[in-house]
Amino acid sequence: MSGEERIDYLVVGAGPAGIQAGYFLERAGRDYLVVEEGAAPGTFFTRFPRHRTLISINKVHTGWDDPELRLRTDWNSLLSDERGPLFTAVTPRYFPSADDMVGYLADFAATHRLRIRYNTRIAHISRPAHLHGDFLAQAADGTTLRAKRLIVATGVTRPHIPPIDGVELAEPYGEVSVDPAEFTGKRVLIIGRGNSAFETADNLVETASVIHMVGPGSLRLAWQTHFVGHLRAVNNNFLDTYQLKSQNALLDGEVVSIRRSDEDGGYRVAVKFVRVAEVVKEISYDRVILATGFRFDASLFAEECRPELTIKDRFPAQTDAWESPNVPDLYFAGTITQVRDFKKSTSGFIHGFRYGVRALHRILARRYHGEAWPHTELPATPEAVADAVLTRVNRTSALWQLFGFLGDAILVGAGSVGHYEEVPVDHLHRSLADGEFGPVDRYLTVTLEYGADHDKVNPFDISVNRLSQQDTGGLDSRYLHPVVRLWQDGKVLADHHITENLENEWDSEEVHRTPLVRFLATHLFPAGRPAPDPASPAATPEPS
């Protein structure tokens with residue numbers, strides 16, 4: 001084909017995930033290209049959030065010198081072996097401006113000399129049979145890119161439109177005016193109860209006469225669920241105005257229809273209320289705003305390589321390796337990978353998916369380039385394994401951020417004990433079942449997790465939490481703490497919760513190390529069961 005350009009890896013989208021993927025591909029010396037529709041990285045952040053303040057924290061002053069620890073409270077920096085550029089050097093603001101993110105991404109891409117082609121909108125992706133598995137990506141300017149593998153990092157770009165009669169009369173979040181003066185004295189309905197809806201309401205509190213917000217289900221607060229996509233405290237001023245009776249209200253229900261009012265040119269909105277036996281009531285408004293989120297755009301894929309969708313068709317379905325289950329060699333990165341830990345961990349956000357992209361790179365390196373997962377060998381003793389585990393949980397940012405999803409693995413095989421860092425737990429189980437890590441007898445997973453039912457208890461209710469605060473076993477801990485599980489053939493044999501610590505320092509000999517050593521001695525290296533032979537050829541360390 002005339003003008004066809006061949007590459008091994010095509011990354012679609014130069015937002016944070018695409019740039020992070022580009023960094024790892026560049027550092028590994030791969031044949032790759034990142035394409036971006038806009039004229040610079042991070043085009044999304046030139047428009048969103050509409051009110052220009054990010055809710056990803058940027059804590060500059062931590063009291064720590066360790067750069068790994070500092071990443072626990074730096075939710076915007078991308079990962080690099082060079083430890084820079086860092087977002088924390090851009091601005092001291094705890095909740096920074098979206099414009100700062102745009103500048104930071106450009107700086108990161110330029111510093112690491114990533115191969116990014118801007119002003120290149122991919123209009124169509126196909127996989128013709130005669131290309132033997134290669135993808136063809138056709139750009140709007142006529143350029144044709146042929147790639148062995150695709151990494152799609154486009155995010156969610158299409159508005160999610162709920163099935164409401166007359167929904168086209170509402171003003172979409174992405175288009176509605178952000179000038180509060182335009183809403184002076186108006187009655188406003190906001191459909192949706194996520195952060196974008198509350199951000200919009202907060203902007204209108206001073207000018208609108210009445211603001212109602214409507215949505216189904218219970219309102220979830222991030223400080224209780226520990227899912228940062230739920231309502232954040234920085235956006236919840238509106239709740240005060242509702243509960244303190246300042247004319248605003250939260251409506252628990254669903255919008256049935258929106259229609260124009262013949263009387264005043266406004267809108268009549270039919271709402272089906274959940275709390276009152278699904279009674280439908282019509283309410284008058286001057287403006288109706290639709291803030292119901294976004295979805296993945298699969299329309300650019302030809303039928304033969306269109307990925308399956310999931311969660312009400314809002315996201316592409318993915319395997320434990322972030323690969324499309326129906327389109328081999330099609331991978332995903334960034335916020336669309338949240339399907340793997342939906343509303344449970346942080347894959348939908350930079351401080352989560354940056355580690356997911358690193359894990360994806362290691363998966364690709366193993367699958368296509370024969371490279372082993374980075375790891376170290378440990379002495380086959382309970383003390384050595386305990387020390388390795390505690391060293392990691394006291395420092396790691398990856399397990400801290402992608403809690404319960406990403407874990408370290410301690411693999412015990414014939415003559416070796418290997419410590420593998422930052423493996424997605426689901427991927428680990430499946431890979432071990434397929435023999436991808438070699439022969440393994442037993443293995444440990446090390447994760448950071450919140451306690452059982454942590455999202456159902458008010459963490460500020462001292463009467464409920466007194467027992468868990470007094471418990472030194474960690475089993476009822478509501479806060480983030482390390483969990484060590486022993487597995488064999490994909491089944492849990494035993495687990496050990498390392499008790500929570502106010503400063504997140506699990507370094508007490510009596511409280512943390514001794515119980516862990518005892519657990520390992522009992523379950524991983526039990527008396528009468530021979531420990532692996534360190535002289536065995538299988539114990540030869542692989543390069544990390």
Side-chain angles (χ1 to χ4, degrees), residues 68 359 362-363 365-366 370-396 398-399 406-449 473-474 481-499 505-544:
E68 180 69 14
R362 290 171 175 171
I363 291 171
R366 188 177 59 185
E371 298 178 8
W373 197 283
H375 67 280
T376 57
E377 297 295 324
L378 300 176
T381 66
E383 293 79 9
V385 173
D387 289 342
V389 168
L390 292 175
T391 296
R392 275 288 289 166
V393 297
N394 277 300
R395 185 168 183 260
T396 174
L399 274 56
L406 208 61
D408 279 10
I410 309 291
L411 308 185
V412 181
S416 67
V417 178
H419 184 183
Y420 295 73
E421 296 183 359
E422 300 175 23
V423 188
V425 175
D426 287 347
H427 179 70
L428 173 69
H429 296 318
R430 203 269 310 153
S431 297
L432 287 171
D434 293 345
E436 294 182 16
F437 283 92
V440 173
D441 177 21
R442 293 151 289 152
Y443 60 101
L444 298 173
T445 56
V446 182
T447 53
L448 287 171
E449 301 178 18
H481 65 282
V483 182
V484 181
R485 292 186 176 90
L486 175 65
W487 303 77
Q488 189 169 41
D489 299 327
K491 297 179 181 178
V492 178
L493 301 181
D495 60 22
H496 176 72
H497 292 246
I498 301 174
T499 188
E505 296 173 354
W506 297 281
D507 54 6
S508 165
E509 179 68 34
E510 179 182 358
V511 176
H512 302 127
R513 186 175 184 273
T514 297
L516 178 58
V517 170
R518 187 182 306 118
F519 169 81
L520 296 172
T522 302
H523 298 285
L524 188 62
F525 304 113
R529 180 165 189 167
D533 179 7
S536 167
T540 303
E542 297 184 50
S544 60

Minimum side-chain heavy-atom gap T514-E509 below 4.5 Å: yes
4.5 Å side-chain heavy-atom contact, H523 and L493: no
Aromatic ring proximity, centroids under 6.0 angstrom, F519 and H497: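 Here the rings of F519 and H497 have centres that are no less than 6.0 Å from each other.
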Can you measure from [atom1] ([X]) to [atom2] ([Y]) and round to the nearest 0.5 angstrom?
X	Y	atom1	atom2	answer
D387	T381	CG	OG1	8.0 Å
E436	I363	CD	CD1	9.0 Å
L516	H496	CG	NE2	5.0 Å
Y420	R362	OH	CZ	12.5 Å
Y443	L524	OH	CG	13.0 Å
I498	S508	CD1	OG	11.5 Å

Pair R430 + D426: basic N to acidic O under 4.0 Å: no
Lys/Arg-Asp/Glu bridge criterion (N-O < 4.0 Å) met for R392, E68: no
Keeping the roles fixed (side chain from [X], backbone from [Y]), state whether a donor-acceptor pair exists under 3.5 Å.
X	Y	value
H512	D507	yes
W373	E421	yes
D408	E422	yes
S416	G418	no
H419	E377	no

Chi angles and distances behind the side-chain contact (heavy atoms from CB on, under 4.5 Å) call for L486, R442: CA-CA 7 Å; L486 175 65; R442 293 151 289 152; 4.0 Å; yes
CA sep, side-chain torsions, deciding dist, call: L411, L432, side-chain contact (heavy atoms from CB on, under 4.5 Å): CA-CA 10 Å; L411 308 185; L432 287 171; 4.2 Å; yes
Donor on one side chain, acceptor on other, Q488 and D441, under 3.5 Å: yes
Taking all non-hydrogen atoms of both residues, which atom of [X] and which atom of [Y] are closest, and how far apart?
X	Y	result
V425	L406	CG2-C, 4.3 Å
P382	L520	O-CD1, 3.5 Å
V492	R485	CG2-CD, 4.4 Å

Crowding at CD, E510 (>12 non-hydrogen neighbours, <6.0 Å): no
Mutual orientation of the aromatic rings belonging to W487 and H429 [parallel < 30°, tilted 30-60°, perpendicular > 60°]: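 Correct class here is tilted.
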